Undergrad: 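Structure in structure tokens, see below.
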Protein chains: 2
Amino acid sequence: MNSQALSPPVKRIADSTVRRLSIYLRFLEEFEGRGLSTVSSEELARRGGTTSAQVRKDLSFFGSFGKRGLGYSVPELSTSLREILGLGRGWRVVIIGAGKIGAALAQYRGFRQRGFQIVAAYDSNAEKIGGTLEGIEIRDMHRFEADVEKDHPEIAVLAVPMEHAQAVLDRVARAGIKAVLNFAPVQLHAPADMTVKTVNMAMELEGLTFALTNQGV
Amino acid sequence: MNSQALSPPVKRIADSTVRRLSIYLRFLEEFEGRGLSTVSSEELARRGGTTSAQVRKDLSFFGSFGKRGLGYSVPELSTSLREILGLGRGWRVVIIGAGKIGAALAQYRGFRQRGFQIVAAYDSNAEKIGGTLEGIEIRDMHRFEADVEKDHPEIAVLAVPMEHAQAVLDRVARAGIKAVLNFAPVQLHAPADMTVKTVNMAMELEGLTFALTNQGV
DNA sequence: GAGTGCTTGTGAATTCATTCACAAAGTAGC
DNA sequence: GCTACTTTGTGAATGAATTCACAAGCACTC
């Protein structure tokens, strides 16, 4: 009925659902580029490595986007998914830590493409401060709190050594930033009103060695 | 009863369990460094952001490692966890793609610390071939299949542009490598006997913007 | 060696996520 | 407009993961 519903999540949405929405959106953008006009849940499922029922259930949490007998309009569904995922607007991001990981992030194209604007990078190493990271000014971490008041970034990316990660997170929290993408391989403790996602390569590697060892050859 | 059980997984172990084992191990290593001799499931749970019942259940899949009334011996449990996770031995790793991400990976200390030996890096860009990535030789991707026969690496890290990721994965699969850590932000399709873990920053970021948009302020 | 206190290990209960299965709603052909 | 064919949206059924709750086991004291 209401194909642009966007009924805001009545019940808590599972992480796994949000991840899949990301995946669907990526395919939809590919289809969009190729000029396809409709897609079925079956097609999305095949590409995303899941089932068509799962695709429909995932979407059903947010409304009703398809036409029975036909499928989903590619441009309409991508717009809706972008909306749902909060990609309908720009986001200001700061990178904390101007090391190798910070550099790899700063140059990552997908960042800007999806509306993430990197407003600054921070470091506490005097040799790095004042330099640039892929064209982004590296500022003294001492300025962090004052800068946040001015720039009000919404997202902080933590690319600092694991020893400092929790302390930096606490500063980020106090400064009022509510979303953090953490690259330090540690479990961080954050206030309840904050969202922290950790990208932990060490953990994924151990997932691999576990698989090799236990299900392996 | 049998405190060194390591009864090999009777039933399939959930991914989430394996991830938590990694987390526990990290704390245990910290405790080990501080010379603590025992730890309770309660303590591990608090640090790892879970519950003590969860910790005990996770461990119970593999055997019985604690002493009632006392807790777990720090050195014994870390040894067991390392064993379970397959970290009791070394692993040969190749990095494919000598760009920024490849570089960030190559210098990552935790790699070597946990017994991962990077045997080579590969690229197909003539300007990079012959150079080094943090001391590791960058080889021509043409040599890949031949080298795998000689070096028999067990793990491949994919740090190539998303356009090439699936094609490279297919080559890796054909070469007989059974474990892949993928950094390209795409859904890959692999044979069933292969384990692929994807580290997808874009997806995590979208998890953040979703949270900011839907549960947000 | 009986009593107290603490913590594990684990079935049972519960909660959460996925899959099934089918009515409802659309298209297309005639 | 009727029939045949598709594909959605969604309750109900199933399956998986987490939490509960408590008996069993060990350390320590007296």
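The analysis underlying the following values was restricted to heavy atoms, covering all of them including side chains, and did not include hydrogens, waters or symmetry mates. Labels below follow one simple rule: chain letters A, B, ... track the order of the sequence lines, proteins then strands, and each chain is numbered from 1. Worth saying up front: this structure is predicted, and the values here are computed from it rather than measured.
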Undergrad: Near DNA chain C, which residues from residues 24-44 of chain B have a heavy atom under 4.0 Å away?
TA: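 When residues 24-44 of chain B is checked for heavy atoms under 4.0 Å from DNA chain C, the hits, listed by number, are S40(B), S41(B).
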Undergrad: Which residues pass the side chain to side chain contact (heavy atoms under 4.5 Å, CB included) test with T38(A), not counting sequence neighbours?
TA: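 T38(A): side chain to side chain contact (heavy atoms under 4.5 Å, CB included) contacts with L70(A).
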Undergrad: Side-chain N or O of T51(B) versus OP1/OP2 of dT19(D): is the shortest distance under 4.0 Å?
TA: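 The answer is yes; a side-chain N or O of T51(B) sits under 4.0 Å from OP1 or OP2.
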Undergrad: Looking at S60(B), does any N or O in its side chain come under 4.0 Å of the phosphate oxygens OP1/OP2 on dG9(C)?
TA: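 For dG9(C), OP1/OP2 do not have a side-chain N/O of S60(B) under 4.0 Å.
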Undergrad: Taking only residues two or more places apart in sequence or in another chain, which ones pass salt bridge (charged side-chain N to carboxylate O under 4.0 Å, His left out) with R34(A)?
TA: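 With neighbours one apart ignored, the set is E30(A).
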Undergrad: If the condition is side-chain hydrogen bond (donor to acceptor under 3.5 Å, both in side chains), which residues does R171(B) pass it with, not counting sequence neighbours?
TA: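 For R171(B) the side-chain hydrogen bond (donor to acceptor under 3.5 Å, both in side chains) partners, ignoring immediate neighbours, are E145(B).
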Undergrad: L59(B) CG to dT18(D) P: how many Å, rounded?
TA: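 Taking CG of L59(B) and P of dT18(D), I get 14 Å after rounding.
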Undergrad: Atom CZ of R19(B) to atom P of dT18(D): distance rounded to whole Å?
TA: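 After rounding, the reported distance stands at 12 Å.
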Undergrad: Mind checking salt bridge (charged side-chain N to carboxylate O under 4.0 Å, His left out) for R68(A) and listing every partner two or more places apart, or none if nothing turns up?
TA: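 For R68(A) there are no salt bridge (charged side-chain N to carboxylate O under 4.0 Å, His left out) partners, ignoring immediate neighbours.
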Undergrad: Without decimals, in angstroms, what is the distance between D15(B) CG and dT18(D) P?
TA: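 That distance rounds to 11 Å.
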Undergrad: Could you list the protein-to-nucleotides 28-30 of chain C atom pairs, N/O on both sides, closer than 3.5 Å?
TA:
none

Undergrad: Rounding to a whole Å, what distance do you find between D58(B):CG and dT19(D):C1'?
TA: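 That distance rounds to 12 Å.
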Undergrad: Strictly by salt bridge (charged side-chain N to carboxylate O under 4.0 Å, His left out), give each pair with a member in residues 184-203 of chain B just once, sequence neighbours left out.
TA: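 Every pair satisfying salt bridge (charged side-chain N to carboxylate O under 4.0 Å, His left out) with a residue in residues 184-203 of chain B: D15(B)-K197(B), K178(B)-D193(B).
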Undergrad: Rounding to an integer number of Å, can you tell me how far F62(A) CZ sits from dG9(D) C1'?
TA: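 From F62(A) CZ to dG9(D) C1': 15 Å.
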Undergrad: Mind grabbing the angle between the end helix axes of the helix from dG1(C)-dC30(D) to dC30(C)-dG1(D)? Five pairs an end, 10° rounding.
TA: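 Rounded value for the end-axis angle: 10°.
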Undergrad: If I take atom CG from residue L44(B) and atom OG1 from residue T50(B), how far apart are they, to the nearest 0.5 angstrom?
TA: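 Atom-to-atom, L44(B):CG and T50(B):OG1 are 10.5 Å apart.
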Undergrad: Do you know the tightest heavy-atom contact between P75(B) and S37(B)?
TA: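 Taking P75(B) first and S37(B) second, the nearest heavy atoms are CD-O, 3.9 Å.
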Undergrad: Please check if the side chain of R19(A) supplies one atom and the backbone of M203(B) the other of a donor-acceptor pair under 3.5 Å.
TA: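 Checking the backbone N and O of M203(B) against the side chain of R19(A), no donor-acceptor pair under 3.5 Å is found.
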Undergrad: Compare side-chain N and O positions of R20(A) against OP1 and OP2 of dT18(C) and report whether any pair is under 4.0 Å apart.
TA: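 So the side chain of R20(A) is within the cut-off, an N or O lying under 4.0 Å from OP1 or OP2 of dT18(C).
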Undergrad: Please list, pair by pair, any protein nitrogen or oxygen found under 3.5 Å from a nitrogen or oxygen in nucleotides 21-27 of chain D.
TA:
residue, atom, partner, partner atom, Å
dA21(D), N6, R56(B), NH2, 3.4
dA24(D), N3, R68(B), NH1, 2.8
dG25(D), N2, G69(B), N, 3.2

Undergrad: For R112(A), enumerate each residue passing the salt bridge (charged side-chain N to carboxylate O under 4.0 Å, His left out) test, keeping only those at least two apart in sequence or located in another chain.
TA: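 Result, salt bridge (charged side-chain N to carboxylate O under 4.0 Å, His left out) vs R112(A): none returned.
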Undergrad: So, OP1 or OP2 of dT19(C): does either fall under 4.0 Å of a side-chain N or O from Q54(A)?
TA: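 For Q54(A), the contact criterion (side-chain N or O under 4.0 Å from OP1 or OP2 of dT19(C)) is met.
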Undergrad: Nearest whole angstrom, please: distance from the P of dT18(D) to the CD1 of I13(B).
TA: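 After rounding, the gap between these two atoms is 12 Å.
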Undergrad: Write down the distance between NZ (K57(B)) and P (dA13(C)), rounded to a whole number of angstrom.
TA: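 So the NZ-P distance, K57(B) to dA13(C), works out to 13 Å.
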Undergrad: By side chain to side chain contact (heavy atoms under 4.5 Å, CB included), which residues pair with R114(B), not counting sequence neighbours?
TA: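 Scan of R114(B) (side chain to side chain contact (heavy atoms under 4.5 Å, CB included), adjacent residues dropped) gives E206(A), L25(B), R26(B), E29(B), L87(B), F116(B).
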Undergrad: Decide yes or no for L212(B) and T195(A): does some side-chain heavy atom of the first lie under 4.5 Å from some side-chain heavy atom of the second?
TA: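 Not in contact.
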Undergrad: Name all residues meeting the side chain to side chain contact (heavy atoms under 4.5 Å, CB included) criterion together with A98(A); count only those two or more places apart in sequence or in a different chain, and write none if there are none.
TA: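 Per chain and number, A98(A) pairs via side chain to side chain contact (heavy atoms under 4.5 Å, CB included) with D123(A), K128(A), L133(A), I138(A).
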Undergrad: Using a cut-off of strictly less than 4.0 Å, decide whether Y72(B) has a side-chain nitrogen or oxygen near OP1 or OP2 of dG9(C).
TA: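 The answer is yes; a side-chain N or O of Y72(B) sits under 4.0 Å from OP1 or OP2.
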Undergrad: When rounded to the nearest 0.5 angstrom, what distance separates CD1 in I118(A) from CD in Q107(A)?
TA: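 Taking CD1 in I118(A) and CD in Q107(A), the distance rounds to 10.0 Å.
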Undergrad: Can you tell me how far apart OG1 (T209(A)) and CH2 (W91(B)) are? Round to the nearest 0.5 Å.
TA: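 Output value for this atom pair is 6.0 Å.
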